[in-house]
Protein chains: 2
Amino acid sequence: MSAATAALDESRALFIRRWGEMANYWGINRTMAEIHALLFVSTEPVCTDDVMARLQVSRGNASMNLRSLVDWGLIQRVHIRGDRKEYFTALTDVWQLFETIVRQRRRREVEPILETLARCREMAAQDAGPKSARNPSARAYMQRLDDMEKFLKAVGAMVDLLVKVGPRGIGRVSSMIMKLAG
Amino acid sequence: MSAATAALDESRALFIRRWGEMANYWGINRTMAEIHALLFVSTEPVCTDDVMARLQVSRGNASMNLRSLVDWGLIQRVHIRGDRKEYFTALTDVWQLFETIVRQRRRREVEPILETLARCREMAAQDAGPKSARNPSARAYMQRLDDMEKFLKAVGAMVDLLVKVGPRGIGRVSSMIMKLAG
DNA sequence: TGAAAGTTTCAGTATGCTCTGAAACTAATG
DNA sequence: CATTAGTTTCAGAGCATACTGAAACTTTCA
C-alpha cells in the first residue's frame, strides 16, 4: 500500500469498525461482522492470516468465524492457483446479500414463531371452543395470535416479492415511492 | 384462574417462552422480551408484582425492563381507578408494534450506517478523485459503498411505505410490485 | 406530618458469550 | 513415507451483560 492510499485505508477501517458495532443489533458477534466487512471492502481475496493481522484476532477466532460466514453463505472460499492457502471473498452484490440474510433469518426467527403461534392457538382453542363464547379473554387472546400470524405472513410475502423483483424492481418501486412520499 | 383455563395458561406460557428465546436475535434481552410477551397475551393490565410472579424475576429487573419497554413505546402505563399500583398494557395492534420497532431500529441501526457510508465515500474519494481513474481498487470499493447506500435507502423507503399503507394496503403494494416486475 | 404503599436505583454477583493459544488434525509435496 | 504448510478444534481465561436484593426515594392517605 502506497502513501497515496492512506485515506482509502482509513475509510475501509472506518467501515469495518462501524459494521462491527452494528453486530450486536443483528444478533451476531462483532468479530464475525468485522470479518465480513473486511471482505466486503476488499477487492482482492483475503486469507486467514490477513484477517488475523488486520483485525488483531487469534487464528482460532478467525477460523471459527470464517467458517460461520461460509455456513451462512455470506462469504465464499476461493483458491488461488499456485497458492496452497485458502482465500475468501464476500458476496458483494448487496441484493444477494439481502436474500441470503433474509432466508437465514426467516428460518431462525420467523418460522419458529409461526410454528409456536399455531400450537398456541390449538391449545387455547381447548378453552375457547365454539360452545364457550363465554370466555372472552381466551377469544381476545386468540385474536391477538391470529393478528400476529397474519402480520408475519403478510410481511414475509412482501419480502419474498422484493427478493424476487430484485434490484431493478426495487429501484423503480422506491423511486416511485419517493415521488409519492415527496 | 379456574381449572378450565389450564390449557389457556399453558398456551400463554409457551408463547412467552418462545418470544423470549427470540430476543437474542433481536438484540434485546430475554427478560424484556418475556415481559413484553406477557403483556401481549394478557387481556388485563399487569402490574410489577404480576411480572415478578409469572416470570420469576426480581423487582429491580422487572422495574428496569418495564421502564425500557415504556421508553421504546412498546407498552404503556395505565392506572386503575381505586388502585395505587401502576399497571401496564402492551400495544396489541401488530401494525403499530411494527411501526414502533421499525422506527427504533432505523434510528439505531440504519442511520448510523448511512452516515458512515457517506463519510467513507468522502475519504475514499481523496484517493480516487477524477484524475486517478488509475486506481481501480478505490473505484471498486466506492462502487460497493454506493450500492450499499442505494440498497439501504431503497429498502427503507419500502418499509416506510408499508408502515404508511398498513394492513389494508399491503396487498395493493404487492400487486403494484408484481406489475412493475412483470 | 408520619406511616404505608409503591417504585427506582445501584453495587456486587452471577451468567454466559467470546477469544486465545496450543494441540490435534488434514492435505500437499518431495 | 516423512515433512511441512495450513486448518480446525477446544479447554480454560477474560469480558461484558443481566440480575438480585436491599436501600433510597416518591407518592398517597389518614
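Letters A, B, ... mirror the listed sequences (proteins, then strands); counts begin at 1.
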Between B:G60 and B:N29, which has a closest nucleotide on DNA chain D that is more 5'?
B:N29
Nearest listed nucleotide, side chain of A:S58, among D:dT20, C:dT9, C:dC19:
C:dC19
Over how many whole Å does the gap from B:E86 atom CD to D:dT28 atom C1' extend?
13 Å
Expressed in angstrom and rounded to an integer, what is the separation of A:R59 atom CZ from D:dT9 atom P?
15 Å
Do the side-chain N or O atoms of B:S63 get closer than 4.0 angstrom to the phosphate oxygens (OP1, OP2) of C:dT7?
no
Would you mind reading off the bend of the helix from C:dT1-D:dA30 to C:dG30-D:dC1 from its two end axes, five pairs each, to 10 degrees?
10°
Regarding the side chain of A:R84, the nearest nucleotide among C:dT8, C:dA5, C:dA28 is C:dA28
CG of B:D83 versus P of C:dA5: gap in Å, rounded?
13 Å
Just how far, in rounded Å, is P of C:dA11 from CG of B:N61?
17 Å
Starting from P on C:dT18, measure out to CD1 on A:I35 and report it in whole angstrom.
13 Å
Closest to the B:T48 side chain: D:dT7, D:dC19, C:dT7?
C:dT7
Check each of A:I35, A:V78, A:L39 against A:V46 using the side chain to side chain contact (heavy atoms under 4.5 Å, CB included) test, and report the only one that passes.
A:L39
For the residue pair B:W19 and B:W26, categorise the inter-ring angle as parallel (less than 30°), tilted (30 to 60°) or perpendicular (more than 60°).
perpendicular
Hydrogens and angles aside, do A:T48 and A:Y87 bring a side-chain donor and acceptor to less than 3.5 Å of each other?
no
Quick one: do A:R107 and A:E111 make a salt bridge, cutoff under 4.0 Å?
no
Between the side chains of A:K153 and A:E149, is the shortest nitrogen-to-carboxylate-oxygen separation below 4.0 Å, so that they form an ion pair?
yes
Please report, rounded to the nearest Å, how far the P atom of D:dA16 is from the CZ atom of A:R30.
10 Å
Can you classify the ring geometry of A:F151 versus B:W95 as parallel (below 30°), tilted (30 to 60°) or perpendicular (above 60°)?
perpendicular
Round to a whole Å and report the spacing from CE of A:M64 to P of D:dT9.
7 Å
Just checking, any donor-acceptor pair under 3.5 angstrom between side chains of A:S11 and B:Y141?
yes
Rounding to an integer number of Å, can you tell me how far A:L55 CG sits from C:dC19 C1'?
13 Å
